[in-house]
Amino acid sequence: MTPTIAILLIITFVLSTVGLLLLIWSIANNQFSHGQAAARTIFTPGEEGHSEDPARPDDQTFTGDNHEQAAAIKARWTADQSSRAAVLTWISSSVFWLLLGSLFGLMSSLKMHLPEFLVASEFLTFGRVRPVHLNAVTYGWASMAGIGVALFLIPRLFKTSLVGGTYAVLGSVIWNIGLILGLGAITLGLSDGEEWLEFPWQIDLLFVAGGALCAIPLLLTAANRKVEHLYVTSWYLMAALVWFPILFLIANLPFVFPGASGATVNWWFAHNVLGLWVTPIGIGIAYYMIPKILGKPIISYQLSLIGFWSLALFYSQVGIHHLVGGPVPTWLVTLSIVHSVMMSVPVITVAINHHGTMVGNFGRLKDSPTLRFVWIGALMYTVSSLQGSMEALRTVNVITHFTHYTVGHAHLGMYAFLSFILFGAVYFIMPRLTNLEWPWRKLISLHFWLVSAGILIYVVALTVGGWKQGLALLDAEMPFMDIVRMTLPALQARTVGGALMTLGHVVFAFHFIVMLLHRGKASDQPTLFRPAAKETSQ
C-alpha cells in the first residue's frame with residue numbers, strides 16, 4: 001500500500017467517523033424524532049398552503065391572518081435584508097465569472113474542431129483556454145453563486161438575522177482576488193498541471209482564507225438561531241461548507257503527492273468537489289425551493305435525512321473509478337466502483353422527495369420561473385447521478401473512458417443539475433433583496449429556452465458521439481485519424497449547444513444587472529413565463 005492510498009483511506013475514515021459522530025449527535029438531540037412535522041419548519045405560522053413565489057397569477061402574497069403570522073413574515077423580511085450585502089456581493093461576482101467562463105468555454109469548444117482558431121496567440125492555446133473555462137465556472141460561477149444562495153438561506157433556515165455578514169463580504173473580495181490571480185497564472189502558463197487543481201498552490205491559500213471567512217457568519221448565525229430543529233437544507237449547506245475547505249486544502253498540499261499518487265489524489269478531489277461541495281448545495285437549495293414555491297412540505301422528511309447521511313457515507317471514494325486500468329491497486333478501484341453503485345441510495349431517496357412532492361403540481365411549471373429551473377435541475381441530478389453509477393462499472397467504463405461521453409456526463413451534472421438550480425434560486429432571491437419584480441418575463445423565458453436547448457444539444461451530441469468513439473477505439477483495425485474525423489459532427493454540435501448556452505447567459509446577466517441597478521420598469525404583475533390571468537383576459 002502506497003503512502004498516498006494510506007493517507008486517503010485515513011482521511012476517508014476520519015471524515016466518516018466525524019459524520020458518524022454527527023449522526024449520533026443528531027439522534028441524541030432528537031433531530032430524527034420530529035417526524036414529518038420537521039418538514040414544516042421552513043414555513044412561517046399559517047403559511048403552509050400558500051406559495052411564497054412572485055410567479056403566482058391567482059393568489060395574493062400571504063401576509064398573515066393575525067398579528068403573530070404578520071410578525072413572522074416581517075421577521076423573515078428582516079432576515080432577508082440582513083444578508084443583502086453579502087448575498088449580492090457573492091452572486092454579482094458569480095454572474096461576471098459565468099460570462100467570462102462561458103466565453104472561454106466557447107473558445108475551447110471551437111478549438112476542438114477548428115484547431116487553428118486563435119492559434120497565433122500563446123495565451124489562447126487550448127491548453128490554457130480550457131483550464132480557464134473550467135476554473136472560472138467551477139470556482140467563479142458555481143461556487144460563488146452557491147455560497148451566495150447559502151448566505152441568503154441560512155438566516156431563513158435559522159429564523160434570525162445574518163450575523164457577521166461583513167466577514168462574508170471580505171471573503172468574497174479575497175476569493176475574487178484569488179480567481180483573478182489564478183486565472184491570470186493559467187493564462188501565462190503557470191499551472192500546477194492537474195485537472196481541477198490548476199491554480200498554483202500559493203494562490204490556493206486565498207480560497208482557503210475566503211472560504212474560512214464565509215464560515216464565520218454560518219457559525220455565528222447558527223449560534224444565534226431561533227429554531228430547535230435544523231431543516232435538512234441546513235445539513236446540506238453546513239456539510240458542504242465544512243467538507244470543501246478540507247478537500248481543497250489536502251488536495252493542494254505542495255510536494256506531498258508526486259507522480260502516479262498525485263493522479264489518485266487528483267481524482268479523489270475532482271469527484272469529491274462535485275459530490276461533497278456542489279451536490280449538497282444543489283440538493284439543499286432544491287429541498288428548500290420546491291416546497292416553498294408549492295406551499296407544501298416534502299412528502300417524507302425521514303427519507304431526506306437518510307439521503308443526506310448516505311451521501312456523506314458513500315461519496316468519499318467515488319472518484320477513483322476514473323483510474324480504471326491506471327497505476328493504482330485494483331482493489332482501490334473496485335472499492336470506488338462499489339461506492340459509486342451505492343450512491344444510488346441517496347439519489348433515489350432525493351428523487352422520491354423532490355419529484356414526489358411535485359405530484360399534482362406540475363402545472364405550476366408553466367408559470368413559475370424558479371420552480372421550472374429548480375425542478376428540472378433536480379430531475380437532472382437524478383439522471384446524471386444514476387448515469388454516473390452506471391458509468392463506473394468496468395464494462396461501461398471501458399467504452400466511455402477517455403471519450404467525449406465523459407464530458408457530456410460532467411456537463412449534465414455541473415450545468416443541467418447545479419446551474420439550473422442556481423438560476424432558479426437567483427430568480428427567487430433578487431425580488432426579495434431589491435423589493436422589485438423582474439422587469440421582463442420574456443427575457444426569463446428566453447433565458448430558459450436558450451440554455452435548455454443548448455444543454456440538450458450539448459449532452460445528446462457528446463453522449464452519442466462519445467459512445468461511438470469509445471466503441472471505435474476498441475476496434476484495433478480502425479485507424480485513429482478515422483476515429484478523430486468521426487467525432488467532428490458531435491464536436492460541431494457541442495459548439496452550437498455551447499453558443500446557445502452562452503447567449504442565454506448574456507440574457508441572464510443583462511436582466512440581472514437591470515435588477516441590480518433598479519433600472520427598467522418594475523412590473524405590478526407577477527413575473528411569469530406566460531402572461532398573468534389578468535393580462536390574458538384583457
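For this chain, numbers begin at 1 and follow the sequence in order. Bear in mind the structure is a predicted one, so any value in this text is a computation, not a measurement.
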Flag, side chain of [X] to backbone of [Y], donor-acceptor distance under 3.5 Å:
X: Thr463; Y: Val460; answer: no
X: Ser94; Y: Ile91; answer: yes
X: Arg441; Y: Thr527; answer: no
X: Arg225; Y: Ala222; answer: yes
X: Ser368; Y: Leu365; answer: no
X: Ser336; Y: His321; answer: yes
X: Tyr301; Y: Val232; answer: yes
X: Thr138; Y: Asn135; answer: no
X: Ser51; Y: Ile293; answer: yes
X: Thr279; Y: Leu274; answer: yes

Between the side chains of [X] and [Y], is a donor N or O closer than 3.5 angstrom to an acceptor N or O?
X: Ser93; Y: Asn176; value: yes
X: Trp243; Y: Asn272; value: no
X: Trp375; Y: Asn361; value: no
X: His355; Y: Thr382; value: yes
X: His354; Y: Tyr287; value: no

So [X] and [Y], would you call those rings parallel, tilted or perpendicular, with 30° and 60° as cut-offs?
X: Tyr139; Y: Phe244; value: tilted
X: Tyr458; Y: His411; value: tilted
X: Tyr427; Y: Phe508; value: perpendicular

To check you understand the geometry: which heavy-atom pair defines the closest contact between [X] and [Y], and what is its length?
X: Met343; Y: Ser389; answer: CB-OG, 4.2 Å
X: Phe269; Y: Leu247; answer: CD1-O, 3.6 Å
X: Ser419; Y: Trp141; answer: OG-NE1, 2.9 Å
X: Ile455; Y: Ser452; answer: CG2-O, 3.4 Å
X: Phe420; Y: Ala416; answer: CB-O, 3.3 Å
X: Ser83; Y: Phe152; answer: OG-CA, 3.9 Å

query: Charged N to carboxylate O under 4.0 angstrom, Asp53 versus Arg364?
result: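 Yes, Asp53 and Arg364 are salt-bridged.
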- request: Taking only Lys NZ, Arg NE, NH1 and NH2, and the carboxylate oxygens of Asp or Glu, determine whether Glu228 and Lys159 approach each other closer than 4.0 Å.
  value: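 No.
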query: Do His339 and Tyr315 have ring centres separated by under 6.0 Å?
result: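 No: the rings miss the under 6.0 Å criterion.
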If you measure from [atom1] on [X] to [atom2] on [Y], what distance do you get to the nearest 0.5 Å?
X: Ile421; Y: Ile285; atom1: CD1; atom2: CD1; answer: 6.5 Å
X: Asn353; Y: Ile290; atom1: CG; atom2: CD1; answer: 9.5 Å
X: Met501; Y: Ile457; atom1: CE; atom2: CD1; answer: 9.0 Å
X: Ile337; Y: Glu391; atom1: CD1; atom2: CD; answer: 11.5 Å

- prompt: Only one of Leu500, Leu450, Leu103, Leu98 forms a side chain to side chain contact (heavy atoms under 4.5 Å, CB included) with His505, so which one is it?
  reply: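 Single pass found, and it is Leu98.
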field: Listed partners of Phe529 passing ring-ring contact (aromatic ring centres under 6.0 Å, His included), at least two apart
entry: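 Phe448.
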task: Output all residues satisfying side chain to side chain contact (heavy atoms under 4.5 Å, CB included) with Thr221, sequence neighbours left out; order by chain, then residue number.
output: Ile154, Phe158, Thr160, Leu162, Val163
task: Check step by step if side chain to side chain contact (heavy atoms under 4.5 Å, CB included) holds for Leu213 and Ile174.
output: CA-CA 9 Å; Leu213 285 170; Ile174 295 175; 3.6 Å; yes
task: For Met430 and Leu88, run side chain to side chain contact (heavy atoms under 4.5 Å, CB included): C-alpha distance rounded to whole Å, both residues' side-chain angles, the deciding distance at 0.1 Å, then the answer.
output: CA-CA 9 Å; Met430 288 301 290; Leu88 290 180; 3.7 Å; yes
- request: Applying salt bridge (charged side-chain N to carboxylate O under 4.0 Å, His left out), name anything that partners Glu68, two or more places apart in sequence or on another chain.
  value: none
task: Check step by step if side chain to side chain contact (heavy atoms under 4.5 Å, CB included) holds for Trp196 and Val273.
output: CA-CA 9 Å; Trp196 298 85; Val273 78; 3.8 Å; yes
Reference residue Glu47; test salt bridge (charged side-chain N to carboxylate O under 4.0 Å, His left out); the match among Lys296, Arg76, Arg40: Arg76
task: Identify whether NZ of Lys or CZ of Arg in Arg432 sits under 6.0 Å from the centre of the six-membered ring of Phe428 and within 45° of that ring's axis.
output: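 Ring-cation test returns yes.
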message: Would Ser143 and Trp175 count as a side chain to side chain contact (heavy atoms under 4.5 Å, CB included) here? Give the steps.
response: CA-CA 10 Å; Ser143 295; Trp175 193 287; 3.9 Å; yes
